[in-house]
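A quick write-up on the structure given underneath.
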There are 2 protein chains.
Amino acid sequence: MTLPEDDLQPAPSRRELNKAATRQAISAAVLTAIRVQGPGNFTVEDIAQAAGISRRTFFNYFSSTEDALSAITIGFLDNVLQQFRLRPAGEPVLESAQAALMSLADPMTIAPLAELFGIVSEHPGLLRTELEAWDQCTEQIIQAVSERVATGHAQPLDDLHVRALGGSLMACGKAAMDVWFARCGKDFSRDSLSTLRGLLIESMHLLDTGFAVPERHATLP
Amino acid sequence: MTLPEDDLQPAPSRRELNKAATRQAISAAVLTAIRVQGPGNFTVEDIAQAAGISRRTFFNYFSSTEDALSAITIGFLDNVLQQFRLRPAGEPVLESAQAALMSLADPMTIAPLAELFGIVSEHPGLLRTELEAWDQCTEQIIQAVSERVATGHAQPLDDLHVRALGGSLMACGKAAMDVWFARCGKDFSRDSLSTLRGLLIESMHLLDTGFAVPERHATLP
DNA sequence: TACACTACGTGCAAGTTTGCACTCTGCGCA
DNA sequence: TGCGCAGAGTGCAAACTTGCACGTAGTGTA
């Protein structure tokens, strides 16, 4: 009963599935622990138990609970970048970015990220960790963009171009989350998360059009 | 946050928990596959996938899907016998049996067993396997009773006594399931399963009172 | 009948999880 | 200050899971 498998990914092995499941179980457990008990009021032992693994295994995956928290953000970006890399090499970067976000079929994929965002806003002590994660994400975006422009263009773009673009992408993502959070608060429903995804795409689009004000140049022929 | 732990069991290790979870995931997957696709219309590969493990791991646990089915019945009995063995050594066997069944706090524990019972009734080809499981259960009951009377009595009971008692216990259990199934059909709700547990206990009680007809000797002083 | 194909069942080596025994650090308390 | 203790991390061996390769058996097909 194997599906036709329209995609070209070679179907993740059981090993990979298990690891991914464990990673996300740990991250989810940390998120819950922070929500319920507050940051610093739980032990690695607690997390391991909630995630259904041993304490030792926790440390096989993460070096600290903060690390596990970062993984939520970085993990989400990984998914998006994976989609990004599947886009044709010749496609403009900003179009690929929007397409990658759109291809996240299930908007619930963003749920942990969104919840983390809300939690960080309540516990400023976590901001340091979150900023670190974003910084890592930025570097990964830059890396991905860099790979893209190396293959898809006649002459490779210079470093400033690539890094500015990467940084802006990340900044747009953050802006989208800020706006979403201000607008929807802690609503993690499917609809709300769909809105968030829409905002993310919209922010990329703004970047794409050079933040042009719609009224001035409505359309180009 | 460790609870007082009123019981004397040494808290199962993570390894034991993992194994138990895998065993039951496999059995549940087989049950579902039979219900949905019918016996023989699925592969070990399907089961492994549904249970979230590799095909090889399936065979680490069971030698066949039938084996996994037997495990449902035998596993339930194991739980009951575990409670049985916790009863004081001096307590009469039939009282312990009733107490063991009563100490199954959650009647939902019986759910897989009950569902299996229903499925077997629809697929007589599975009966052979089920009977085999019951036979194994009978032997285990006899074993447990045998251990009990060896420690709790002045002189050990003879083989006939022990084996007849064990066999009768199993027969009563089966009778209770027959009656429950005739009465409740495929209702696996908490209430219905509570009824089943009641019938099981009642059948043990009948055995305990020598199947006395209530009207004749109502009560003894 | 011969052949391809699918699924079963098993041996083995490599990858992963776990228990345990440390060391180290921070904290409360006498 | 010194002591005890709880929790973070880490090294290691044993237990467990997985992928893979193999041999077997049944089934459909030319």
Side-chain angles (χ1 to χ4, degrees), chain A residues 1-5 9-30 33-34 36-71 125-126 128-129 132, chain B residues 1-5 9-30 33-34 36-71 125-126 128-129 132:
Chain A
M1 248 258 190
T2 335
L3 297 179
E5 290 292 346
Q9 286 118 239
S13 71
R14 180 42 57 198
R15 277 206 160 104
E16 292 174 272
L17 290 173
N18 289 351
K19 295 226 269 186
T22 300
R23 284 188 85 76
Q24 92 84 32
I26 294 174
S27 291
V30 173
I34 290 180
V36 174
Q37 304 170 270
N41 296 333
F42 53 88
T43 68
V44 170
E45 178 74 46
D46 298 333
I47 298 303
Q49 189 163 333
I53 56 165
S54 71
R55 197 177 73 98
R56 191 61 183 82
T57 300
F58 174 93
F59 287 111
N60 288 349
Y61 281 83
F62 300 109
S63 61
S64 65
T65 52
E66 297 194 346
D67 197 3
L69 225 44
S70 302
L126 298 173
R128 194 184 77 24
T129 307
E132 223 162 45
Chain B
M1 246 249 187
T2 335
L3 296 178
E5 292 291 345
Q9 287 119 238
S13 71
R14 179 47 53 199
R15 274 206 162 105
E16 291 174 272
L17 290 173
N18 289 350
K19 295 226 269 185
T22 301
R23 284 187 84 78
Q24 93 84 32
I26 294 173
S27 291
V30 172
I34 291 180
V36 174
Q37 304 171 268
N41 296 333
F42 54 87
T43 68
V44 170
E45 179 74 46
D46 298 333
I47 299 303
Q49 190 164 333
I53 54 165
S54 71
R55 197 178 73 98
R56 191 62 184 80
T57 300
F58 174 94
F59 287 111
N60 287 350
Y61 280 84
F62 300 110
S63 61
S64 66
T65 52
E66 297 194 345
D67 198 2
L69 224 44
S70 302
L126 298 173
R128 192 184 89 359
T129 306
E132 224 162 45

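Quick note on labels: first sequence line is chain A, next is B, and so on, each numbered from 1.
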Original post:
For B:A50 and B:A29, which heavy atoms make the closest approach, and how far apart are they?
Top reply: CB-CB, 3.9 Å
Original post:
Between B:E45 (CD) and C:dC8 (C1'), how many Å, whole number?
Top reply: 12 Å
Subject >> Passing option when B:R55 is tested against B:T43, B:V44, B:D46 for side-chain contact (heavy atoms from CB on, under 4.5 Å) >> reply: B:V44
**OP:** Return the set of residues passing side chain to side chain contact (heavy atoms under 4.5 Å, CB included) with B:A33 (not counting sequence neighbours), or none when no residue passes.
**Re:** B:Q37, B:F42, B:I47
Subject >> Minimal non-hydrogen separation, B:R23 against B:A71, with atom names >> reply: NH2-CB, 4.2 Å
Original post:
Just by distance, do the side chain of B:S13 and the backbone of B:E16 share a donor-acceptor pair under 3.5 Å?
Top reply: yes
Original post:
Using a heavy-atom distance cut-off of less than 4.0 Å, which residues of residues 53-66 of chain B contact DNA chain D?
Top reply: B:I53, B:S54, B:R55, B:R56, B:T57, B:N60, B:Y61
Original post:
Between which nucleotides of DNA chain D, 5' to 3', does chain A make heavy-atom contacts below 4.0 Å?
Top reply: D:dG7 to D:dG19
**OP:** Identify, residue by residue, the members of residues 13-22 of chain B with a heavy atom below 4.0 Å from DNA chain D, and return them in order of residue number, or none.
**Re:** B:R15, B:K19
**OP:** Flag the pair A:S70 / A:F62 as yes when at least one side-chain heavy-atom distance between them is below 4.5 Å, and no otherwise.
**Re:** no
Original post:
Pairs in or reaching into residues 56-70 of chain B: which pass salt bridge (charged side-chain N to carboxylate O under 4.0 Å, His left out), with residues at least two apart or in two chains?
Top reply: B:E66-B:R128
Subject >> Residues that A:A25 engages under side chain to side chain contact (heavy atoms under 4.5 Å, CB included), provided they are two or more places apart >> reply: A:A51
